[in-house]
Amino acid sequence: MRAPAACGVWLCIAVLLVAGVGGCQRPWVADRSVEIPAPGPAPRYEVLRGVYNARCAKIPRLWARVTVRVISHEEDGSRRVDQGDGVLQIVKPSRVSLSVGKSIDRMYYYLGSDEERFWWVDVMDRDASVALVGTHAGARRERAEEFGVPVHPLDLLELLGITALPEDGGAVVWNGQVGGWMVELPGRWGARRVVVDPVAYLPIAVVLLDADGAAAAGSRLESYARIDESDAPGLHPEMARRVRIGLERLGVEVILDLGAVKSVERLPRDIAFDLDGLLRRERVREVRDLDEPAS
């Protein structure tokens, strides 16, 4: 998991909490030769938004076991798979923690963010441990592109399909390749397209566009199931248990498989988002400021 190619992949994931697809199938395009016809007239945006946001409101926080698989295509045409296990923790709107290692009691990588900062901490080699730290305010598209991942650090939440849609949205149109209703909305650095299934309006694909209108990142959300434990009244909200996250410009696919999913007040704990405490506990030797201009 520490080979140079794998480290580059994990760095891309870490800097912006996503990675991508180049040689793999694009995650937001279904593998169909014939498009699926629309099931009927398009719903009004207000109706779609109401159903969508009602589910998102029932997931203000999230705790889940996660298996992360990184599938990359090497220059010689070979296929490489790196896998790790860990925990995904979220408190909306900006607290995110993804810890990944070879076993649940030995983490090698910590990806996270709080209200002001985002970070990647690599403690695979205790003698050469390092943390990359930046601020949300300083996370600019041009700086991000230096790492090959031109999206905002908090866009993982968009790609997981758990953030609310805005009051004003574009026209709802049918996407026959994916088989769902699609709406285009403002994003942080460009537009975003959200595709929902035509019955329950659950998100099945999300595409983030750059300032030029090209696809910057995308996800496909699969295997929906009710959250195992939830404080939400009534039926537990549904959550995608498999998320394929992709970036067009990299030859990599990242698959997140979620288990033991909870959305309860007692989890996550604040310690999951305490960067300073993490640096002390892991005795990180070097901290690099991502807001500093590139040399």
Side-chain angles (χ1 to χ4, degrees), residues 1-33 64-88 98-104 106-111 120-132 143-151 153 155-156 159-160 177-178 204-210 214-223 240-259 288 290 294:
M1 200 169 179
R2 184 67 174 182
C7 285
V9 170
W10 286 110
L11 174 60
C12 289
I13 302 170
V15 171
L16 299 176
L17 302 182
V18 296
V21 174
C24 308
Q25 174 183 315
R26 296 182 184 181
W28 53 86
V29 178
D31 185 17
R32 298 188 179 98
S33 57
R65 301 286 189 190
V66 61
T67 296
V68 183
R69 279 182 290 157
V70 180
I71 304 171
S72 56
H73 294 260
E74 308 297 331
E75 293 182 359
D76 61 3
S78 62
R79 183 173 179 266
R80 177 193 179 100
V81 180
D82 291 282
Q83 179 169 315
D85 296 308
V87 179
L88 174 64
L98 175 60
S99 54
V100 182
K102 278 297 186 183
S103 62
I104 202 65
R106 175 63 174 97
M107 296 292 106
Y108 297 147
Y109 305 100
Y110 296 88
L111 293 62
W120 172 60
V121 179
D122 177 355
V123 295
M124 179 73 171
D125 183 347
R126 296 290 191 184
D127 295 328
S129 56
V130 62
L132 303 182
R143 186 74 172 103
E145 285 178 339
E146 296 174 15
F147 295 91
V149 191
V151 293
D155 279 336
L156 175 65
L159 297 172
L160 288 174
Q177 289 183 304
V178 179
I204 55 178
V206 178
V207 186
L208 303 178
L209 306 178
D210 63 22
S219 66
R220 189 162 55 194
L221 300 109
E222 305 170 350
S223 303
R241 298 304 180 96
R242 171 165 290 182
V243 182
R244 301 177 183 270
I245 299 179
L247 186 77
E248 180 69 10
R249 299 167 193 175
L250 297 177
V252 179
E253 181 178 16
V254 174
I255 301 174
L256 304 179
D257 285 307
L258 307 182
R288 300 176 188 171
L290 291 177

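For clarity, every value in this text was computed on a predicted model and none was experimentally measured.
L159 CG to I245 CD1: the interatomic distance, rounded to the nearest 0.5 Å, is 5.5 Å.
Remark: T67 pairs with D85 by the side chain to side chain donor-acceptor pair (under 3.5 Å) rule, at least two apart or across chains. Partners of A240 according to the side-chain contact (heavy atoms from CB on, under 4.5 Å) rule, which considers only residues two or more places apart in sequence or in another chain, are L221, Y224, V243. Remark: R242 engages D257 in a salt bridge (charged side-chain N to carboxylate O under 4.0 Å, His left out) (not counting sequence neighbours).
In terms of heavy atoms, R244 sits closest to I255 at NH1-CD1, 3.3 Å. Scanning all heavy atoms of the two residues, the minimum distance from V207 to L209 falls at CG1-CD2, 3.8 Å.
In this structure the side chain of L88 reaches within 4.5 angstrom of the side chain of L160, judged on heavy atoms. A heavy-atom distance below 4.5 Å is found between the side chains of R65 and V87.
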